[in-house]
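All residue numbers refer to positions in the sequence shown, counting from 1.
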Amino acid sequence: FPVTIQAAQEQALKNELLTPEQRIPLLNHLSRDMSFVRPLHALQLANEALELSTRYGNLSGQAYAYRNLGSSHAMFGSFYKSMEYLQQAIEIFEELKDSVGIGNCYISLGHLYRNLQNRELEIRYHKKAYDIFHLRHDPYRDWETDRKSTRLNSSHEFVSRMPSSA
């Protein structure tokens, strides 16, 4: 039978020889992957990643754990709790000067505002994410942000319709 990446990651987490620095990114990756399929499990993984990251002073691990907590809470409809976690993640990503982390949080916030039926903020956050990934010349994220966030046919059409981010 085929082994999924998630199953392999779950198996790897059982390895007692993993150091906290190895365990933290694994927990965060698996939490992210599970957030839309098994959100309760994703929440547990993100909480463990946050606890380990805090204990060992791993700011990047904390930021990704907060982002994953935000995504999981959004799946449960806890949108305001989700916003709090995403804002905590953004603050840490800004401190780390991690533009990819910030951009990914903006995508999550755009999705969150879509669920709250606030089109103006949905577009604002997706535009901010688009700007970050476009500046990084990341064609996958440019296309993905464009496609998921705006449902427009091209990046050019998206940019031409949006005011620039301030």
Side-chain angles (χ1 to χ4, degrees), residues 5-6 9 24-51 53-54 58-136 138-155 157-166:
I5 292 173
Q6 292 83 10
Q9 290 173 329
I24 291 165
L26 191 55
L27 287 163
N28 276 323
H29 285 287
L30 188 55
S31 175
R32 182 199 61 216
D33 291 347
M34 292 288 154
S35 65
F36 299 107
V37 214
R38 295 176 52 203
L40 184 58
H41 185 53
L43 196 61
Q44 294 165 337
L45 294 165
N47 276 316
E48 184 179 345
L50 180 59
E51 189 259 311
S53 297
T54 302
N58 182 327
L59 286 178
S60 179
Q62 288 176 39
Y64 282 100
Y66 281 128
R67 178 172 181 248
N68 292 333
L69 286 167
S71 294
S72 294
H73 278 280
M75 291 302 295
F76 291 115
S78 301
F79 299 121
Y80 297 104
K81 191 69 173 169
S82 177
M83 279 185 230
E84 289 175 12
Y85 283 127
L86 290 169
Q87 190 54 49
Q88 287 176 287
I90 289 169
E91 289 172 12
I92 296 171
F93 284 132
E94 286 175 343
E95 182 180 334
L96 296 172
K97 298 180 183 1
D98 182 341
S99 62
V100 171
I102 294 166
N104 284 324
C105 286
Y106 288 160
I107 290 171
S108 296
L109 281 167
H111 294 336
L112 186 144
Y113 282 112
R114 178 184 305 142
N115 287 324
L116 290 173
Q117 299 179 1
N118 185 330
R119 183 76 171 147
E120 179 182 338
L121 288 177
E122 172 195 348
I123 291 171
R124 180 182 304 161
Y125 279 102
H126 283 145
K127 170 71 167 100
K128 289 173 85 163
Y130 176 85
D131 288 346
I132 287 171
F133 292 114
H134 185 70
L135 286 173
R136 290 182 50 80
D138 186 334
Y140 173 74
R141 270 308 205 187
D142 274 357
W143 174 83
E144 182 183 40
T145 304
D146 199 32
R147 180 182 61 83
K148 286 183 177 177
S149 306
T150 64
R151 298 182 180 95
L152 297 174
N153 293 326
S154 72
S155 299
E157 183 178 358
F158 176 71
V159 171
S160 68
R161 289 187 179 188
M162 295 295 115
S164 63
S165 298

So, taking the atom named [atom1] in [X] and the one named [atom2] in [Y], what distance separates them when rounded to the nearest 0.5 Å?
{"X": "Q88", "Y": "Q62", "atom1": "CD", "atom2": "CD", "answer": "9.5 Å"}
{"X": "Q44", "Y": "L40", "atom1": "CD", "atom2": "CG", "answer": "4.5 Å"}
{"X": "I24", "Y": "L50", "atom1": "CD1", "atom2": "CG", "answer": "9.5 Å"}
{"X": "D98", "Y": "E94", "atom1": "CG", "atom2": "CD", "answer": "10.5 Å"}
{"X": "E91", "Y": "L59", "atom1": "CD", "atom2": "CG", "answer": "12.0 Å"}
{"X": "R67", "Y": "N104", "atom1": "CZ", "atom2": "CG", "answer": "4.5 Å"}

Side chain to side chain contact (heavy atoms under 4.5 Å, CB included) for M83 and L116? Distances and angles first, verdict last. CA-CA 12 Å; M83 279 185 230; L116 290 173; 3.5 Å; yes
Compare every heavy atom of [Y] with every heavy atom of [X], then report the nearest pair and how far apart it is.
{"X": "I132", "Y": "I102", "answer": "CD1-CG2, 3.8 Å"}
{"X": "Y106", "Y": "A129", "answer": "CB-CB, 3.8 Å"}
{"X": "G110", "Y": "E122", "answer": "O-CG, 3.3 Å"}
{"X": "A42", "Y": "S31", "answer": "O-OG, 2.8 Å"}
{"X": "S53", "Y": "A49", "answer": "OG-O, 2.7 Å"}
{"X": "A63", "Y": "A89", "answer": "O-CB, 3.3 Å"}

Specify whether H134 and Y130 have parallel, tilted or perpendicular ring planes, treating 30° as the upper limit for parallel and 60° as the lower limit for perpendicular. parallel
Should the pair Y85 and Y66 be assigned to parallel (<30°), tilted (30 to 60°) or perpendicular (>60°) ring geometry? parallel
Side chains of [X] and [Y]: closer than 4.5 Å at any heavy-atom pair?
{"X": "F133", "Y": "I107", "answer": "yes"}
{"X": "L43", "Y": "F76", "answer": "yes"}
{"X": "K128", "Y": "R124", "answer": "yes"}
{"X": "H126", "Y": "H111", "answer": "yes"}

Donor-acceptor check, side chain of [X] to backbone of [Y], threshold 3.5 angstrom: yes or no?
{"X": "S82", "Y": "S78", "result": "no"}
{"X": "S72", "Y": "L69", "result": "no"}
{"X": "N28", "Y": "G61", "result": "yes"}

Applying the side chain to side chain contact (heavy atoms under 4.5 Å, CB included) criterion to Y125, which one of L112, L86, L109 satisfies it? L109
Would you say the ring centroid of Y113 lies under 6.0 angstrom from that of F79? no
